[in-house]
Amino acid sequence: MNQKRILQARMMRRPTILLVLILALVLMTACAPATAPGSESSSGATSNAASVQPNADTPVAPVATPLSGPLVLTLWTPDFMSTDPAQPGGALLAETLAGFAAARTEPLRVVTQTRSRYGKGGLLDYLRTAQPVAPGILPDVIALDAAELEVAVAAGAVRPLDGLIAPELLAGLYPAARALGRIGGQQYAIPFVLDIEHVVYDPVVTSNPPETWTGLLTGNTRYLFPFSIPAVRTGPAAGVPPTLLSHYLGAGYVLDFETRRLELNSEPMLRMLSFYDSATEQGQLDERPEDLIGLERTWQFYEANTDAIVQTSARQYLAERAQHPELSVAPAPGWSNPSPPIASGWVLAIVTPDPERQQRAAELLTWLMTPERNGRWAAAAGWLPVFPEGWGYWEDNPQTAFLDGQLKAAAPLPVGAESAAAALALQQAALSVVREDVSPVDAAQQALSAVQ
């Protein structure tokens with residue numbers, strides 16, 4: 001009788017065991033690296049390797065406690081930070097990672113895996129999806145759009161850098177760059193590339209670009225800039241262009257770099273909206289802002305209307321300047337002085353919870369983030385450096401002094417739910433003035449009511 005009961009119990013456990021095995025297989029499949037073209041590549045740097053060789057078919061997962069062989073540090077990156085030699089800056093990044101491994105006293109490998117920048121299967125999505133169900137596939141270090149760092153911090157997916165990164169390294173960054181890596185008073189990341197917006201113009205057509213809105217209005221200069229951008233990032237205010245925030249700061253609003261909290265203040269908002277209203281009436285702004293969604297679309301309009309000054313990004317200008325050698329650069333106009341640009345970019349954050357791996361990851365960040373290595377790689381990849389000294393490692397470029405000055409004056413992207421609500425209300429107020437002919441006073445009042 002006992003043998004019969006034992007046999008029955010074993011038979012009853014079989015479906016449960018099978019169910020557990022099936023569930024484990026589903027989770028492993030869901031969290032496995034994507035194989036879609038452009039979504040992933042893998043490369044490794046070893047202490048005896050001269051360069052990093054891509055290996056897209058065999059991604060290496062981080063090892064929490066290696067028992068033998070080299071320690072493996074895994075780095076998730078976007079496509080533009082690939083070690084693929086065909087990618088701008090790829091060979092230089094491979095050389096830099098190999099140099100880090102070679103400089104170690106213990107065996108070590110650095111493995112890079114590329115992910116899509118945004119959306120499902122992108123860097124942030126993979127990080128948040130894998131964290132609760134398959135933490136073993138997570139990297140030691142991840143690159144994120146600075147605008148999405150706040151989401152990663154709220155999810156508990158990245159670790160504070162306090163005590164891991166030397167204060168001297170952080171102190172050398174541009175102020176806006178340093179602020180981009182801080183959330184809630186703690187340093188969670190280090191920006192490794194930056195971008196800002198500024199104005200480009202044809203000096204033959206516009207010999208003296210206006211630095212103030214009064215100068216633009218009296219000179220009857222057309223000004224092209226986007227009122228919306230494609231919402232590719234994660235976040236409630238992802239469709240609000242930095243241009244509007246820059247103009248708001250240019251109207252007199254002061255953003256606290258520590259809190260990065262954006263609030264609506266009636267005085268600077270009225271100045272900004274009144275400028276939009278006057279410029280629209282004089283035909284200097286496009287009355288159909290839906291035609292100008294994003295800087296790329298704005299650039300297309302400029303190519304057909306070269307009598308205007310146009311808002312663009314430093315990255316776009318650097319990419320286009322060979323085809324448009326006639327263009328010059330200038331700061332965006334503001335109320336009484338030029339509007340300070342809003343700094344955006346990408347940051348490096350530590351993911352691993354293991355203290356020893358955190359220390360090695362911090363050493364990797366410190367290796368990557370010297371002014372020389374950062375400056376050279378940013379130049380090769382078509383981004384802006386995060387250190388003022390980084391410009392010294394660029395080839396001679398007449399715009400570097402201008403871009404350095406703009407980065408020193410830049411403000412970081414705001415963070416927090418209240419900032420997002422304020423940015424959305426500001427955007428709606430601007431659109432209502434330009435598109436719906438609402439008065440600046442009424443539009444400002446509606447915006448203030450929306451955030452109360």
Side-chain angles (χ1 to χ4, degrees), residues 75 77-78 80-81 83 88-100 102-103 110 141 143-146 149 161-182 187-198 257-258 313-319 321 329-331 338 340-350 361-413:
L75 170 62
T77 69
F80 67 84
M81 200 182 176
T83 54
L92 182 57
L93 179 60
E95 178 184 340
T96 302
L97 294 177
F100 172 74
V110 179
V141 178
L144 291 170
D145 188 313
L149 177 64
L161 298 183
D162 300 330
L164 292 172
I165 300 297
E168 295 79 12
L169 188 152
L170 298 173
L173 299 168
Y174 284 108
R178 185 166 57 250
L180 282 177
R182 292 184 66 81
Q187 196 79 33
Y188 280 94
I190 301 178
F192 65 94
V193 288
L194 295 174
D195 195 16
I196 54 172
E197 292 183 3
H198 57 78
F257 280 25
E258 185 64 23
S313 69
R315 286 194 65 232
Q316 185 166 332
Y317 167 72
L318 291 173
R321 62 180 177 148
V329 296
I342 302 295
S344 60
W346 285 72
V347 301
L348 291 170
I350 294 178
E363 291 168 3
L364 173 60
L365 295 190
T366 301
W367 178 271
L368 293 171
M369 295 306 299
T370 65
E372 179 178 0
R373 294 189 184 103
N374 177 257
R376 291 187 187 281
W377 186 81
W383 290 79
L384 306 186
V386 298
F387 297 97
E389 296 85 354
W391 294 108
Y393 304 98
W394 281 49
E395 294 182 3
D396 188 25
N397 184 332
Q399 274 71 50
T400 55
F402 166 78
L403 293 173
D404 174 57
Q406 287 291 283
L407 284 172
K408 289 175 178 175
L413 282 168

ask   = Residues two or more places apart in sequence or in another chain: which of them pass side chain to side chain contact (heavy atoms under 4.5 Å, CB included) with Pro338?
value = Glu211, Pro331

request  = Determine whether Phe257 and Arg178 make a side-chain contact, defined as any pair of heavy atoms from C-beta on separated by less than 4.5 Å.
outcome  = no

inquiry  = Is any side-chain heavy atom of Met81 closer than 4.5 Å to one of Leu348?
reply    = yes

inquiry  = Can you list everything that forms a ring-ring contact (aromatic ring centres under 6.0 Å, His included) with Phe402? Sequence neighbours excluded, please.
reply    = His198

ask   = Does any N or O in the side chain of Trp377 come within less than 3.5 Å of the main-chain N or O of Gly89, such that one atom is a donor and the other an acceptor?
value = yes

ask   = Could you state the interatomic distance from CZ (Phe192) to OG1 (Thr77), rounded to the nearest 0.5 Å?
value = 8.0 Å

query = With side chains defined as the heavy atoms from C-beta onward, is the minimum distance between Phe100 and Leu368 less than 4.5 Å?
reply = no

task = With rounding to the nearest 0.5 Å, note down the distance linking CG in Leu365 to CG in Leu164.
result = 9.0 Å

query = Tell me, do Leu364 and Leu97 make a side-chain contact under 4.5 Å, heavy atoms counted?
reply = yes

ask   = What is the minimum heavy-atom distance between Ala378 and Val193, and which atoms define it?
value = CB-CG1, 4.5 Å

request  = Of all the heavy-atom pairs spanning Ile350 and Ala362, show the shortest one and how long it is.
outcome  = CD1-N, 3.8 Å

remark   = Heavy-atom closest pair (Leu403 atom, Ala314 atom, distance to 0.1 Å) is CD2-CB, 4.0 Å

query = Excluding sequence neighbours, so at least two apart, what forms salt bridge (Lys or Arg N to Asp or Glu O under 4.0 Å) with Glu258?
reply = Arg182

task = Mind checking side-chain hydrogen bond (donor to acceptor under 3.5 Å, both in side chains) for Asp145 and listing every partner two or more places apart, or none if nothing turns up?
result = Tyr118, Arg233

request  = Any salt bridge (Lys or Arg N to Asp or Glu O under 4.0 Å) involving residues 363-376? Give me the pairs, sequence neighbours left out, ordered by first then second residue.
outcome  = Arg104-Glu363, Arg360-Glu363, Glu372-Arg376

query = Can any side-chain N or O of Asn374 pair as donor or acceptor with the backbone N or O of Val386 at less than 3.5 Å?
reply = yes

message = Could you work out, with side-chain hydrogen bond (donor to acceptor under 3.5 Å, both in side chains) as the rule, every residue matching Glu197, not counting sequence neighbours?
response = Thr243, Gln311

ask   = Applying side chain to side chain donor-acceptor pair (under 3.5 Å), which residue pairs with at least one partner in residues 385-395 are found, sequence neighbours left out?
value = Tyr174-Trp391

message = Is the ring pair Phe80/Trp346 parallel, tilted or perpendicular, if the boundaries are 30 and 60 degrees?
response = perpendicular

note = CD1 (Ile165) and CE (Met369) are apart, to the nearest 0.5 Å, by 9.5 Å

query = What pairs with Ala410 under side chain to side chain contact (heavy atoms under 4.5 Å, CB included), at least two apart in sequence or on another chain?
reply = Ala176, Ile196, Pro341, Ala343

remark   = Hits for side chain to side chain contact (heavy atoms under 4.5 Å, CB included) against Ala146, two or more places apart or cross-chain, chain-then-number order -> Leu180, Val347

Partners passing side chain to side chain contact (heavy atoms under 4.5 Å, CB included) against Pro88 (at least two apart in sequence or in another chain) = none

ask   = Mind checking whether Phe387 and Leu173 have side chains closer than 4.5 Å, heavy atoms only?
value = yes

query = Distance from Leu75 atom CG to Leu93 atom CG, nearest 0.5 Å?
reply = 7.5 Å

request  = Enter the distance from Leu194:CG to Trp383:CH2 here, rounded to the nearest 0.5 Å.
outcome  = 9.0 Å

ask   = Who are the salt bridge (Lys or Arg N to Asp or Glu O under 4.0 Å) partners of Asp162, not counting sequence neighbours?
value = none

